[in-house]
Amino acid sequence: MRYLPLTPDERRQMLSTIGARSIDDLFVDVPEAARLAGPVDLPRYMGEMEVDRDLSKLAALNVPASSVPFFVGAGAYKHHVPASVDHIIQRSEFLTSYTPYQPEIAQGTLQYLFEFQTQVAAILGMEVANASMYDGSTGTAEAVLMAHRVTKRSKAVVSGRLHPHYADVIRTVCGAAGAGLTIELAGVHPTASENLADRIDADTACVVVQNPDVFGNLIDLKPIAEAAHAKGALLIAVVTEAVSLGAVTPPGHMGADIVVAEGQSIGVGLQFGGPYVGLFATREKYMRQMPGRLCGQTVDGQGRRGYVLTLSTREQHIRREKATSNICTNSGLMCLAFTIHMTLLGEHGFQRLAQLNHEAACDLADVLADVPGVEVLTKNYFNEFTLKLPKPADEVVSALAKMGVLGGVPASRLYPGDAEVANLLLVAATEVNTNTCRAAFAAALKEVLA
């Protein structure tokens, strides 16, 4: 992005052109109570060299995840992304129209979206997938709204072990949609089994369950699916760690009706929180109620294979207030990165990657279990589990960071004010962790707890 500083004279000319006396005139519609009392404590403007110098100093304060033992997860995971992914996404074959409404000039974009959908449907165990959502959390909210449209019911039962940020997004998006949905959130139980079946009644549109859950527990979705279907409700399965799909039974094979996943783990770096890519799939009978885009394969007048957006009457730009969703685009570049990485891995490579992740987590759990005072709470996990510590986890994480170890996510960060989770620490291990990293974590944890 170009840096375009404005001088006072340039500001006056711009204000004069639009008929404003001062910049304050541009904010007359903002309530007085919501305005700042004075300017933000930042320089008014600087030269390009000065800005570059200051921003470089700020950037140097960041700690690259690859430079320290890294065990942070809770919905965003550090995996190795091959250099070939970045190289391929910059090839000219993919630099076609970003918005593929004109298929004749967007075949590159449409083809990889079609292949992306095929991959997503396969790993989620579903019949049809869309061309992606913005991320897993907003995709989950869209899934709840979709279940409401399908069932015409007004209640969503949400597992207490769904990532709390996802639960917050459900409440926010569904509330803003004005659909009249009641969101019933179960209690937080890190280890005890949830009895969600008792919460399902004739008004329940869907049950939302995460697998593995936010504490790392692997869940058999079949009993929950059967209980939901017996009452005419849909099961929405959420996956925040896409790599788990290389080892865990796909949600679609356990009875899920809609599956939403965060695809960041495949081809997409952590990137300070985004952009990420949401995976969304459902049963074929619900296809017309899916949000977002759907890319299809067809033939042209000469019988040549081609790709087009299909069922686009679902979209806001055509259906307006009758659209199934307000999302009119997709996470295109992240889709491409995901598709390339998955293609490079192949089926056996994907399974091998999942195996490496599970092995890394088992090795880490064994090492940490030997630290005095540490208990591994999660017994059945993929690559993430929960530790119970003898002191508050947030204090431990801060002390570990000072020792050069990023040791996980305190549960209190996800559930602020909940004293029952104060000593719980969520720890994730992936293929990037080595024996040296694990030993450093254990040694630092032992020292902090001592």
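Bear in mind that the values here come from a model prediction, so they are computed numbers and not experimental data.
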A.B. asks: Could you check H79, R352, K78 and say which one makes a side chain to side chain donor-acceptor pair (under 3.5 Å) with E431?
C.D. replies: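 Between E431 and the candidates, side chain to side chain donor-acceptor pair (under 3.5 Å) is satisfied uniquely by H79.
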A.B. asks: Is there a donor-acceptor contact under 3.5 Å linking the side chains of Q355 and E359?
C.D. replies: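 Yes.
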A.B. asks: Taking R161 for its side chain and A186 for its backbone only, find out whether a donor-acceptor pair lies under 3.5 Å.
C.D. replies: no
A.B. asks: Are P69 and L406 side-chain neighbours, meaning at least one heavy-atom pair lies under 4.5 Å?
C.D. replies: no
A.B. asks: Would you say L294 and V128 make side-chain contact, with heavy atoms under 4.5 Å?
C.D. replies: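 A side-chain contact under 4.5 Å exists here.
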A.B. asks: Would you say the side chains of T240 and E262 form a donor-acceptor pair under 3.5 Å?
C.D. replies: no
A.B. asks: Evaluate the side-chain proximity of N330 to F280: yes if any heavy-atom separation is below 4.5 Å, no if none is.
C.D. replies: no
A.B. asks: For the atom pair OG1 (T378) and NZ (K388), what is the distance rounded to the nearest 0.5 Å?
C.D. replies: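 Atom-to-atom, T378:OG1 and K388:NZ are 12.5 Å apart.
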A.B. asks: One pair to check against side-chain contact (heavy atoms from CB on, under 4.5 Å): S412 and D418. What are the steps and the verdict?
C.D. replies: CA-CA 7 Å; S412 58; D418 188 339; over 6 Å; no
A.B. asks: Check the angle between the aromatic planes of F382 and H358 and answer parallel, tilted or perpendicular using the 30° and 60° thresholds.
C.D. replies: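 If you compare the ring of F382 with that of H358, the planes turn out parallel.
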A.B. asks: Determine the minimum heavy-atom distance between S132 and S331, stating which atoms define it.
C.D. replies: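 Nearest heavy atoms, S132 then S331: OG-N, 3.0 Å.
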A.B. asks: For G75, does its backbone N or O pair with a side-chain atom of Y77 as donor and acceptor, under 3.5 Å?
C.D. replies: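 Checking the backbone N and O of G75 against the side chain of Y77, a donor-acceptor pair under 3.5 Å is found.
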A.B. asks: When you measure from the side chain of N211 to the backbone of L218, do you find a donor-acceptor pair of N or O atoms at a distance under 3.5 Å?
C.D. replies: no
A.B. asks: Parallel under 30°, tilted from 30 to 60°, perpendicular over 60°: which one fits the rings of F114 and Y307?
C.D. replies: tilted
A.B. asks: Below 4.5 Å, heavy atoms only, C-beta onward: do C174 and L181 meet side chain to side chain?
C.D. replies: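 Yes, side chains in contact.
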A.B. asks: Do K231 side-chain atoms and I200 backbone N/O form a donor-acceptor pair below 3.5 Å?
C.D. replies: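 Confirmed, K231 side chain pairs with I200 backbone.
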A.B. asks: At their closest point, which heavy atom of C437 faces which heavy atom of F71, and how far apart are they?
C.D. replies: O-CZ, 3.7 Å
A.B. asks: Are K155 and D201 close enough for a salt bridge, meaning some N to O gap below 4.0 Å?
C.D. replies: yes
A.B. asks: Please check if the side chain of N130 supplies one atom and the backbone of P291 the other of a donor-acceptor pair under 3.5 Å.
C.D. replies: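 Flag set: sc N130 to bb P291 pair under 3.5 Å.
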A.B. asks: Examine the side chains of E115 and Q119 and answer whether a donor and an acceptor come within less than 3.5 Å of each other.
C.D. replies: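 The answer is no; no qualifying pair exists.
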A.B. asks: Please answer whether the main-chain N or O of D257 pairs with a side-chain N or O of T282 as donor and acceptor at a distance below 3.5 Å.
C.D. replies: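 Yes.
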A.B. asks: Is a side-chain donor or acceptor of R153 paired with a backbone partner of A202 at a separation under 3.5 angstrom?
C.D. replies: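 It does hold such a pair.
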A.B. asks: Which pair of non-hydrogen atoms, one from H80 and one from H341, has the smallest distance, and what is that distance?
C.D. replies: O-CE1, 3.6 Å
A.B. asks: Which heavy atom of Q107 sits nearest to which heavy atom of G306, and what is that distance?
C.D. replies: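 So the two residues come closest at OE1-CA, 3.5 Å.
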A.B. asks: Should V260 and L279 count as side-chain neighbours, where that means a heavy-atom distance under 4.5 Å?
C.D. replies: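 Contact flag for V260/L279 side chains = no.
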A.B. asks: Is a donor on one side and an acceptor on the other found under 3.5 Å between the side chain of R305 and the backbone of D300?
C.D. replies: no
A.B. asks: Hey, are E194 and S159 close enough side-chain-wise for a donor-acceptor pair under 3.5 Å?
C.D. replies: yes
A.B. asks: Looking only at side chains, do D213 and H163 share a donor and an acceptor under 3.5 Å apart?
C.D. replies: no
A.B. asks: Looking at every non-hydrogen atom in both residues, tell me the closest pair between P223 and D220 and how far apart they are.
C.D. replies: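 Looks like CD-O, 3.3 Å.
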A.B. asks: Any sub-3.5 Å donor-acceptor pair from D168's side-chain atoms to R171's backbone N or O?
C.D. replies: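 Pair absent, no side-chain N/O of D168 close to backbone of R171.
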A.B. asks: I'd like to check V427 versus L364 (side-chain heavy atoms, cut-off strictly below 4.5 Å). Are they in contact?
C.D. replies: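 They are in side-chain contact.
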A.B. asks: Using atom types as modelled and distance alone, determine if a side-chain donor or acceptor of E395 lies under 3.5 Å from a backbone N or O of K391.
C.D. replies: no
A.B. asks: Over all heavy atoms of both residues, which pair between E127 and E284 is shortest? Give the atoms and the distance, please.
C.D. replies: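 That would be OE1-N, 2.6 Å.
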A.B. asks: Is there side-chain contact between L113 and R293, with heavy atoms separated by less than 4.5 Å?
C.D. replies: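 They are not in side-chain contact.
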